[in-house]
Structure formats: structure tokens, C-alpha cells
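In each ligand, atom 1 is the first atom listed, and ligand 1 is the first ligand listed. Worth knowing before you read on, the calculation uses all heavy atoms, side chains too, and leaves out hydrogens, waters and symmetry mates.
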Amino acid sequence: MKAIQEIFPLLTKPHKVVITTHQKPDADAMGSSLALKHFLVQLGHTVTVISPTNWAGWVNWMPGVKEVMDYEMDKPKAEKVMDDAEWLFCLDFNIFHRTKTMTEKLKQLTCTKVLIDHHQEPDAASFDYGISDTAKSSTSEMIYDFIVDSGNSDKITDEVSECIYAGIVGDTGAFRFQSAHAGVHKLVSELKEKGLKHESIHDKLFDNFLENRLRFIGHVLLNRMEVFYEYNTVLIAIPKSDLLKFHIKTGDTEGLVNFPQTIQGIKLVALVIDRDEERKWSFRSKGDFDCNLFARKYFEGGGHFNAAGGRSSDSLEKTVQHFIIAMKENVEQLQ
Ligand code: 5GP
Ligand code: MN
């Protein structure tokens with residue numbers, strides 16, 4: 001993989017570009033993809049964002065989201081656009097299998113592939129150009145760098161700015177995680193000077209749900225949460241029946257994993273949701289417990305040091321048992 005800077009001189013000639021990201025894109029995945037699109041379009045490129053799956057309603061306000069293609073919804077159309085592409089940008093993931101059903105198609109593509117991502121252990125061999133930097137708060141921050149470093153600061157329009165800000169807010173827990181380094185605050189200050197209205201973005205991301213989602217959270221915290229004080233760990237396991245009863249859609253469970261962290265002394269929070277195709281795990285830790293390692297070792301997953309995810313094909317009951325064994329094995333790191 002050549003350094004990302006080596007693609008800068010090639011940006012001036014228009015290309016057919018596809019931008020893609022991980023399945024069920026979150027604010028950083030969608031925000032970075034759309035910010036890059038709005039930037040590249042100004043340089044004369046023809047750009048399509050293709051999401052491997054559907055996405056949460058709380059990113060639907062982002063400028064340009066209506067033109068994003070959902071691969072699962074219309075594979076032939078999306079594959080045609082991919083086959084025509086000269087450049088493929090892969091944002092906010094670093095190994096093709098994080099796109100689920102799109103994996104095989106991405107492997108087949110022979111166009112120039114570019115990686116921009118901040119997760120651990122990139123599959124660098126699959127990309128022609130790229131940057132992988134785990135010190136970055138978000139892929140959206142990296143898109144800002146991409147635009148500025150390529151000498152195009154003047155192309156940070158309101159659209160670009162809103163998408164970048166949303167991604168940073170999403171991935172830094174609204175500036176509270178360690179990943180919100182000084183450079184992030186400087187970047188936001190630049191966006192503010194360009195006129196960013198940050199308060200409306202917080203409203204659109206966090207105060208934009210329906211009543212059922214809040215009722216669901218109340219139910220889950222009351223009935224589905226288990227605290228293991230001797231392991232400083234909280235486990236939440238959500239059966240499919242709860243999702244159906246409260247009409248829970250993609251994105252409604254985002255942020256749920258953060259609530260147990262408000263309990264004094266809790267080091268690890270684990271949330272598992274019984275989805276149709278798999279049991280999906282989310283892990284959050286405070287301090288020196290390595291969620292990325294834990295997710296990789298026990299749940300076919302990965303991510304960051306303090307925030308990671310994983311999966312299991314077992315039943316909810318079985319995967320919960322597996323978690324409890326794993327938690328006990330990690331007693332020293334959890335105390
Ligand atoms: P979340 O719990 O919000 O779904 O994910 C937390 C972090 O872990 C995100 O950065 C996400 O990209 C990453 N992540 C989530 N699930 C997986 C997974 O199955 N594999 C890997 N490698 N990373 C994941
Ligand atoms: Mn991210």
C-alpha cells in the first residue's frame with residue numbers, strides 16, 4: 001500500500017469513484033463517506049457512495065444521504081456502478097469482510113483501491129494507496145486531513161463540515177473519549193470559524209428518536225442488565241422478542257452500551273443483541289482493559305482499545321455463557 005499522499009497529484013484528473021464503508025454505517029462511516037464525496041465532486045469526479053446495508057435513521061439528515069445506494073437493496077445496480085469505477089475508497093473499515101455480503105464483490109474489483117481508516121490491524125495488502133492511523137479520533141478527522149493536506153482547504157463547504165463534525169462527535173462520544181486529542185479540538189475550531197452550527201448536529205444525532213426507543217431503553221436497563229461487581233463488569237443481553245415488542249429499528253440500540261458505564265467502578269460493559277443472522281456484541285471499557293483484544297480472542301471481532309465489537313453464531317443463551325467464562329478468565333485485568 002503506497003502512502004495516501006501519492007494519490008494527491010492524481011486528484012486533479014476526473015475519475016469515476018465509488019466510496020464504501022462498513023455494514024450498518026454509523027455517524028463516522030456515513031459522515032466520512034459523504035464528506036469525501038462532497039469534496040471529490042468539487043474537483044470534477046463522478047462519485048457514488050455505496051453502503052453494504054441499510055443504516056440508522058439518525059444519519060438521514062446528512063447532506064447527500066438520499067443518493068447513497070444500499071447494496072443489499074439493489075445488488076445488480078450497485079455492482080454495475082462498482083464495475084465501472086476507476087477508484088474505490090474504503091472508509092472506516094480495513095478488511096473487506098466488514099462489508100458482509102459485499103466482501104466477495106470487493107475482492108473481485110480490479111480498480112485502484114484506497115484505504116482511509118483508524119482501526120487496528122489493517123489488511124494493507126488489499127489496497128493500492130492508503131492511510132491507517134489508530135491515533136486518529138475518527139475517519140472523518142482523516143478526511144479533513146486528506147482535504148487540507150492535498151491543498152484544498154477552500155473546499156470545506158458547509159456540507160463537508162457538517163458531515164465531518166457528525167463523524168467526530170459520533171466516534172469521540174461527543175468529545176469525551178481519550179481519542180478526542182488536541183488536534184480534534186483545533187479542527188472543530190476551524191470548522192466553527194467557517195460557520196459550522198454544531199448545536200443543530202447534536203440535536204439531529206441525539207434528540208431525534210421516537211418514544212418507543214426511550215421506553216425500550218427503560219425496559220432493557222430494568223430487566224436485561226446484570227452487574228457482576230466482583231468483575232467490574234456489566235452485561236446486557238437483548239432477546240429478539242424485545243426488539244419486536246418495541247419496534248426497534250437499525251440504529252435505535254446505538255448508545256445503549258454507554259449507560260452502564262455511569263455506574264461507579266465499572267470497567268467493562270458488554271452488550272449482545274439477538275439479530276436475525278447472528279448475535280452481535282458491543283464492548284466498551286474504561287482504563288487499561290483491551291476490548292479489541294477481548295473481542296478478537298473470544299468473539300471473532302475487533303475495533304479499538306476501549307470500544308470494540310464482535311459476533312457469534314451461537315444462540316443468545318450460549319453466547320452469554322461463553323461471555324461469562326471469558327469474563328472469569330480475565331478476572332485479573334478486570335480488577
Ligand atoms: P460498536 O460496538 O459501536 O458496533 O463498535 C465499536 C467499534 O468496534 C467500532 O469502531 C466498530 O467499527 C468496531 N467493530 C464492531 N464490530 C466489529 C467486528 O465484528 N469486527 C471488527 N473488526 N470491528 C468491529
Ligand atoms: Mn470510525
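A salt bridge links K107 with E104: the closest approach of a Lys/Arg side-chain nitrogen to an acidic carboxylate oxygen falls below 4.0 angstrom.
Using a cut-off of 2.8 Å, one finds that H118 contributes an N/O/S atom close to the Mn ion (ligand 2).
Counting only N and O atoms by type, the side chains of H181 and E141 include a donor and acceptor under 3.5 Å apart.
Between W281 and F283, the ring planes are parallel. Angles under 30° get that label, and only those over 60° would be called perpendicular.
Just one of T250, N60, D26 meets the side-chain hydrogen bond (donor to acceptor under 3.5 Å, both in side chains) condition when paired with W55; it is N60.
Atom OD1 is the N/O/S atom of D92 found closest to the Mn ion (ligand 2). The N, O or S atom of D28 with the smallest distance to the Mn ion (ligand 2) is OD2. Checked against the Mn ion (ligand 2), the N, O or S atom of D171 at the shortest distance is OD2.
Ring-centre distance between H322 and F299: below the 6.0 Å cut-off. Under the 6.0 Å cut-off for aromatic ring centres, H119 and F93 do not qualify, their centroids lying 6.0 Å or more apart. Outside the 6.0 Å centre-distance limit, the rings of F289 and Y231 are not counted as a close aromatic pair. Aromatic ring centres of F8 and F146: separated by under 6.0 Å.
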Tabulate distances under 3.5 Å between N/O atoms of ligand 1 and N/O atoms of the protein, writing both atom names on each line.
from, atom 1, to, atom 2, distance (Å)
ligand 1, 2 (O), S282, OG, 2.6
ligand 1, 2 (O), R284, NH1, 3.0
ligand 1, 2 (O), R284, NH2, 3.3
ligand 1, 3 (O), R284, NH2, 2.8
ligand 1, 8 (O), G309, N, 3.4
ligand 1, 10 (O), H119, NE2, 2.9
ligand 1, 10 (O), H304, NE2, 3.0
ligand 1, 12 (O), R98, NH1, 3.0
ligand 1, 12 (O), H119, NE2, 3.0
ligand 1, 16 (N), K280, NZ, 2.9
ligand 1, 19 (O), K280, NZ, 3.1
ligand 1, 23 (N), G302, O, 3.0

